[in-house]
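A quick write-up on the structure given underneath.
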Amino acid sequence: MLVFKKLLGGLLMPLPLFGLLAFIAIFFALKGSKSALFLSSLSILILLLLSTPFVANLILKNNESPSLAFNSLKHPKIDKIVVLGCDINPNPSLSANNQLGNCALTRLVEGVKLAKHYPNAQLIVSGAGHENITNSELMYKTAITLGVNKNRLAQNASATDTAEEAKLLAPKLVDYNVALVTSVLHMPRAKDLFNAQGVEVITAATDYHNFAALPWHKQFIPNAHALFVVTQYSHEIIGNAWISIRRWIDPEAL
């Protein structure tokens with residue numbers, strides 16, 4: 001089920017979705033179908049538009065609320081800091097921090113910053129992995145090199161998605177002041193899943209974007225980073241839809 005969910009979700013992202021539609025449409029267009037030619041052209045146009053910083057900013061500007069960032073002035077005490085897993089690039093010949101992807105490293109930096117601000121708080125790093133290397137292990141080792149005492153650290157290495165992270169960590173978090181660290185686009189879904197497990201979290205969002213800050217002449221030039229961020233947003237849409245379906249089938253599922 002997990003593999004099917006991730007495969008289907010991946011195919012519904014902008015690049016594979018519109019790329020596949022364009023390929024199929026071009027195939028039929030070569031057979032003389034004018035409607036197929038129109039569909040292929042439309043798919044490629046949509047893909048190019050989604051790759052422009054201008055369109056990416058239109059999509060993201062109302063979905064990256066600054067209110068989701070952590071404000072230490074409002075929270076004098078934090079007991080637990082939970083950093084959710086993200087991308088990793090396993091390679092045993094490299095140091096732990098060099099095996100963390102940009103998303104995972106950004107989240108961990110925020111977690112370590114909070115750990116240093118709240119010296120009595122426990123820092124929990126989460127996430128499974130592949131090739132016998134877990135996200136939590138890499139975060140654990142990197143946090144130590146960044147000055148966090150290993151006695152303050154805990155790992156949640158078996159969770160393969162956000163729902164599992166919330167379910168497995170909930171027993172350790174209930175009735176504590178918990179700061180939840182994840183990417184801003186991911187935060188609403190993550191917060192919802194932790195709340196459903198009875199854990200009230202304080203958001204500590206990171207990984208913000210601001211394509212509007214780019215020079216005007218770059219706003220309409222497609223680039224890979226803009227498409228990557230739009231893909232992240234699409235992932236959250238699919239993730240929320242999946243949660244809604246699961247809860248419709250079984251209200252206790254997630």
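Minimum heavy-atom separation, Lys218 to Pro53: O-CG, 3.5 Å. Considering every non-hydrogen atom in both Leu193 and Ala166, the closest pair reads O-CB, 3.7 Å. Nearest heavy atom pair, residue Gly101 against residue Asn89, reads CA-ND2, 3.8 Å. Closest heavy-atom contact between Gly127 and Thr134: O-CB, 3.8 Å. Nearest approach of Asp207 to Ser183, heavy atoms of both residues: OD2-OG, 3.3 Å. For the pair Ala159 and Glu165, the tightest heavy-atom approach, listed with the atom from each and the gap, is CB-CG, 3.3 Å.
Remark: Asn91 CG to Asn98 CG distance equals 9.5 Å, nearest 0.5 Å. To the nearest 0.5 angstrom, Ile202 atom CD1 is 8.5 Å from Asp79 atom CG. Ile243 contributes atom CD1, which lies 12.0 Å from atom CD1 of Ile238 (distance to the nearest 0.5 angstrom). The distance from the CD1 atom of Ile237 to the CG atom of Asn63 is 8.0 Å, given to the nearest 0.5 Å. Leu114 CG to Phe70 CZ: the interatomic distance, rounded to the nearest 0.5 Å, is 5.5 Å. For the atom pair OG1 of Thr160 and CG of Asn135, the computed distance is 12.0 Å after rounding to the nearest 0.5 Å.
In the hydrophobic clustering of ILVMFWY residues, with side-chain heavy atoms under 4.5 Å counting as a link, Val83 and Ile88 come out together. In the hydrophobic cluster analysis, where Ile, Leu, Val, Met, Phe, Trp and Tyr join through side-chain heavy atoms closer than 4.5 angstrom, Ile221 is grouped apart from Leu58. Note on Leu180 and Leu168: separate hydrophobic clusters, where clusters join Ile, Leu, Val, Met, Phe, Trp and Tyr whose side-chain heavy atoms are under 4.5 Å apart, directly or indirectly. No continuous path of hydrophobic side-chain contacts links Ile78 to Tyr176 [ILVMFWY only; heavy atoms under 4.5 Å]. No chain of hydrophobic side-chain contacts below 4.5 Å, direct or via other Ile, Leu, Val, Met, Phe, Trp or Tyr residues, connects Val125 to Val109.
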Intermediate values then yes/no, salt bridge (Lys or Arg N to Asp or Glu O under 4.0 Å), Lys167 and Asp161: CA-CA 10 Å; Lys167 185 175 182 179; Asp161 59 21; over 6 Å; no
Steps toward side chain to side chain contact (heavy atoms under 4.5 Å, CB included) verdict (Gln99, Glu137): CA-CA 11 Å; Gln99 296 179 67; Glu137 177 189 9; over 6 Å; no
Residues His186, Glu236; criterion side-chain hydrogen bond (donor to acceptor under 3.5 Å, both in side chains); working and verdict: CA-CA 6 Å; His186 182 230; Glu236 294 309 313; 4.7 Å; no
Check against side chain to side chain contact (heavy atoms under 4.5 Å, CB included), Leu60 and Leu185: CA-CA 8 Å; Leu60 299 178; Leu185 289 174; 3.9 Å; yes
Derivation and outcome, side chain to side chain contact (heavy atoms under 4.5 Å, CB included), residues Lys191 and Leu68: CA-CA 10 Å; Lys191 184 176 184 294; Leu68 294 175; 5.5 Å; no
Candidate pair His209 and Lys61, rule side chain to side chain contact (heavy atoms under 4.5 Å, CB included), full reasoning: CA-CA 9 Å; His209 309 88; Lys61 66 179 181 180; over 6 Å; no
Donor-acceptor pairs under 3.5 Å, side chain of residues 117-124 to any protein atom, not counting sequence neighbours: which ones?
unit_1	atom_1	unit_2	atom_2	d
Tyr118	OH	His75	O	2.5
Gln122	OE1	Lys80	NZ	2.8

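A donor-acceptor pair is defined here as one N or O able to donate and one able to accept, closer than 3.5 Å; such a pair exists between the side chain of Ser65 and the backbone of Ser67. Of the possible polar contacts, none joining the Arg246 side chain to the Ala241 backbone as a donor-acceptor pair under 3.5 Å is found. Using modelled atom types, one side-chain atom of Arg107 and one backbone atom of Gly85 make a donor-acceptor pair closer than 3.5 Å. With hydrogens and angles disregarded, no donor-acceptor distance shorter than 3.5 Å links the side chain of Glu200 to the backbone of Asn195.
Partners of Phe211 according to the ring pair (Phe, Tyr, Trp, His ring centres under 6.0 Å) rule, which considers only residues two or more places apart in sequence or in another chain, are His225.
Annotation for Tyr208: atom OH counts as buried by contact number, over 12 foreign heavy atoms lying within 6.0 Å. Counting heavy atoms of neighbouring residues, nucleotides and ligands inside a 6.0 Å radius, atom CG of Asn102 does not exceed 12 of them. In the displayed structure, Asp175 atom CG is contacted under 6.0 Å by at most 12 heavy atoms of other residues, nucleotides or ligands.
Within the structure, the ring pair (Phe, Tyr, Trp, His ring centres under 6.0 Å) test picks out the following pairs touching residues 42-69 (sequence neighbours left out): Phe54-Phe220.
At least one side-chain heavy atom of Leu153 sits less than 4.5 Å from a side-chain heavy atom of Ile144. By the 4.5 Å heavy-atom criterion applied to side chains, Leu227 and Pro222 are not counted as neighbours. Side-chain contact between Val181 and Val82 is absent, with no heavy-atom pair separated by less than 4.5 Å. Taking the side chain as every heavy atom from C-beta outward, Met187 and Thr206 never approach each other to under 4.5 Å. Looking only at side-chain heavy atoms (C-beta outward), Asn223 and Ser51 stay at 4.5 Å or farther from each other.
By the 4.0 Å N-to-carboxylate-O rule, Lys113 lies close enough to Glu110 to be salt-bridged with it.
If you check the side chains of Ser126 and Asn156, you find a donor sitting under 3.5 Å from an acceptor.
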